[in-house]
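Chain naming here is simple, since letters A, B, ... match the order of the sequence lines and numbering starts at 1 in each.
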Number of protein chains: 2
Amino acid sequence: MVKFFGYNIEKGLPMKEASTEKVILTAARTVFTRKGKDGARMQEIADEAGVNKMLLHYYFRSKEKLFHRVVEEIIEQVVNSVVKISAQAERFEDFLRTFIDLHIDFLRENHDMLTFLLWEAKKDTGLVHTVLGKFSSMGGTPLDYLAAKIHYAVQKEEIRPVEPIEFVLNIASLDIFPFIVLPPIASVVNLSDSRMDALVEKRKKEIFRLLWNDIKINNGKS
Amino acid sequence: MVKFFGYNIEKGLPMKEASTEKVILTAARTVFTRKGKDGARMQEIADEAGVNKMLLHYYFRSKEKLFHRVVEEIIEQVVNSVVKISAQAERFEDFLRTFIDLHIDFLRENHDMLTFLLWEAKKDTGLVHTVLGKFSSMGGTPLDYLAAKIHYAVQKEEIRPVEPIEFVLNIASLDIFPFIVLPPIASVVNLSDSRMDALVEKRKKEIFRLLWNDIKINNGKS
DNA sequence: GTCTATATTTCGATAGAC
DNA sequence: GTCTATCGAAATATAGAC
């Protein structure tokens, strides 16, 4: 294909097809999240992308640099998603229900990069720096955001006073952990996708019920 | 040192010092849980053990076999601990409080192998088979055990009826997840050990309160 | 930009002396 | 059982033609 500044000269149209660089990046993300930084092979990434191995070095110089590009992209996506689904609804009850719903939908679609990110962060805490930096450039960590949200809801007497750190740990744990353990187990016990989906939808209700019952204030209701 | 069937001939005493094999195994566990199967280097394990690299092959033939020995040991320890701390107390309230307490104590001591195990299980689901096999040889999975425990407590009207799978996911998530995310974060934000310990002890109470309030039956109390 | 061929390094594994 | 020396495979990275 003849390319010129992102335009496909042959067809005279803006290129919608992925550039070689983008193809490689996508393939690298697939392989890295599956095998990890150390287990991934440049050859496997090239095969996954359907390009010559040498091109990975042409575009990204080294495995190390390619890895960092992939991780930055993942962190960018994760942080943006969390920030986006945090900005929901006025009443705390609605906020909580919506947050759990969207958060779990996001996790279901991206559970592959979950364990990967946690593992790489344990080996190299530089990743944690990147995540925290990205959050603060977006206006604050989820902890900061939720603390403000809780403070407001308490004043409005929607919920009882709760410690933000405890609440964040509760919701993060309940939302995220199943997507770390269940996928490996599911592939062993032959849990079908549809049964998995049903389980996930039930979890949404269960998590909301558990957390909301714990903090809500009943105004005149039994 | 002159050795003969586990006896130290020079001193005429049973050997309390670790054998070379045991020293290697311990070092391997340290390095594998820190760097993962792919990131670990035989040389680094040898250095950690303070022995010649060649001895690793003498005792374990290959990196693959050494890795599997380490993983089997870890799984053995994890399963035994879970089974052990599950067999506690008659009343469900006491059982729950004690389980959370001991489970979290165990996790605090062994959080290094947590992310490692979850990561390796994601890459190679053979590990899941090993875990499930070990559990069934010990009388059943935690899910089986808790289902029976719940059934009994419901009959005694100590708790309302609950779905075992939901309850297991709730308690596992709340107990385990913090030990996956917090250690990397703690090392970045300079959270001291004592403050971490305080946080953990508060978590125990918070988790028990949250779960118990959700399932208990109030007999005549407000 | 893309290919083939090759350089360079790292690492698991073995041989053989003691 | 333990050591030194070394092999051979793999994997990252580069050279140079097209």
Side-chain angles (χ1 to χ4, degrees), chain A residues 1-11 14-32 34-71 120 123-124, chain B residues 1-11 15 17-32 34-71 120 123-124:
Chain A
M1 181 188 307
V2 183
K3 281 174 275 190
F4 183 72
F5 283 92
Y7 279 77
N8 182 333
I9 291 182
E10 288 160 355
K11 303 190 180 176
M15 292 185 40
K16 288 245 169 60
E17 312 88 30
S19 66
T20 302
E21 181 173 344
K22 186 62 193 166
V23 167
I24 292 173
L25 219 41
T26 304
R29 177 168 171 159
T30 302
V31 175
F32 274 129
R34 201 159 52 202
K35 303 286 186 70
K37 178 182 180 178
D38 299 316
R41 295 290 158 248
M42 296 295 266
Q43 183 62 61
E44 189 178 354
I45 294 173
D47 293 346
E48 177 82 23
V51 304
N52 189 289
K53 176 166 76 89
M54 186 266 158
L55 291 180
L56 310 202
H57 288 95
Y58 176 79
Y59 283 102
F60 301 94
R61 284 201 58 81
S62 71
K63 181 183 179 182
E64 185 76 18
K65 285 183 171 50
L66 176 56
F67 175 76
H68 277 110
R69 275 291 298 274
V70 168
V71 167
E120 299 295 342
K123 287 193 305 175
D124 172 17
Chain B
M1 182 190 306
V2 184
K3 281 175 273 190
F4 183 73
F5 283 91
Y7 280 77
N8 182 332
I9 291 182
E10 289 160 356
K11 302 192 181 174
M15 291 185 40
E17 311 88 30
S19 66
T20 302
E21 182 173 343
K22 186 63 194 166
V23 166
I24 293 173
L25 218 41
T26 304
R29 178 168 171 159
T30 302
V31 175
F32 273 130
R34 200 160 52 203
K35 301 287 186 70
K37 178 183 180 177
D38 299 316
R41 296 290 158 248
M42 295 296 267
Q43 183 63 60
E44 189 177 355
I45 294 174
D47 293 345
E48 177 80 25
V51 304
N52 189 289
K53 176 166 79 90
M54 185 265 157
L55 291 179
L56 311 203
H57 289 96
Y58 176 79
Y59 282 102
F60 300 95
R61 284 204 59 81
S62 71
K63 181 184 180 182
E64 185 77 16
K65 285 184 171 49
L66 177 56
F67 175 75
H68 276 110
R69 275 290 299 274
V70 167
V71 167
E120 298 295 341
K123 287 192 306 175
D124 172 17

Value in whole Å for how far the [atom2] atom of [N] lies from [atom1] of [X]:
X: B/His57; N: D/dA5; atom1: NE2; atom2: P; answer: 18 Å
X: B/Met54; N: D/dA5; atom1: CE; atom2: P; answer: 15 Å
X: B/Arg61; N: C/dA13; atom1: CZ; atom2: P; answer: 9 Å
X: A/Asn52; N: C/dA5; atom1: CG; atom2: C1'; answer: 11 Å
X: B/Leu56; N: D/dC3; atom1: CG; atom2: P; answer: 11 Å
X: B/Lys63; N: D/dA9; atom1: NZ; atom2: C1'; answer: 14 Å
X: A/Phe60; N: D/dT12; atom1: CZ; atom2: C1'; answer: 16 Å
X: B/Glu21; N: D/dG1; atom1: CD; atom2: P; answer: 9 Å

What pair of heavy atoms forms the shortest contact from B/Val23 to B/Ala18, and how long is it?
->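 For B/Val23 and B/Ala18, the tightest heavy-atom pair comes out as CG2-CB, 3.7 Å.
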
Which heavy atom of A/Ala40 sits nearest a heavy atom of A/Lys63, and at what distance?
->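 Heavy atoms only, the tightest pair is O-NZ, 2.9 Å.
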
Can you check whether [X] reaches [Y] side chain to side chain, under 4.5 Å on heavy atoms?
X: A/Met42; Y: A/His57; result: yes
X: A/Arg69; Y: A/Lys65; result: no
X: A/Glu120; Y: A/Phe32; result: no
X: B/Leu25; Y: B/Phe60; result: yes

Look at A/Thr20 and C/dG1 and indicate whether a side-chain polar atom (N or O) is within less than 4.0 Å of OP1 or OP2.
->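 A/Thr20 to C/dG1 OP1/OP2: no side-chain N or O under 4.0 Å.
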
Strand-adjacent residues in residues 40-51 of chain B, judged by heavy atoms under 4.0 Å from DNA chain D | none

Among [options], the one nearest [X] by side-chain distance:
X: B/Lys53; options: C/dA13, D/dC3, D/dA13; result: C/dA13
X: B/Tyr59; options: C/dT14, D/dA15, D/dG1; result: D/dG1
X: A/Tyr58; options: D/dA13, C/dA13, C/dG1; result: C/dG1

Got a salt bridge between A/Lys37 and A/Asp124, using NZ or NE/NH1/NH2 to carboxylate O under 4.0 Å?
->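 Looking at A/Asp124 together with A/Lys37, the answer is no, because their closest N to O distance does not fall below 4.0 Å.
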
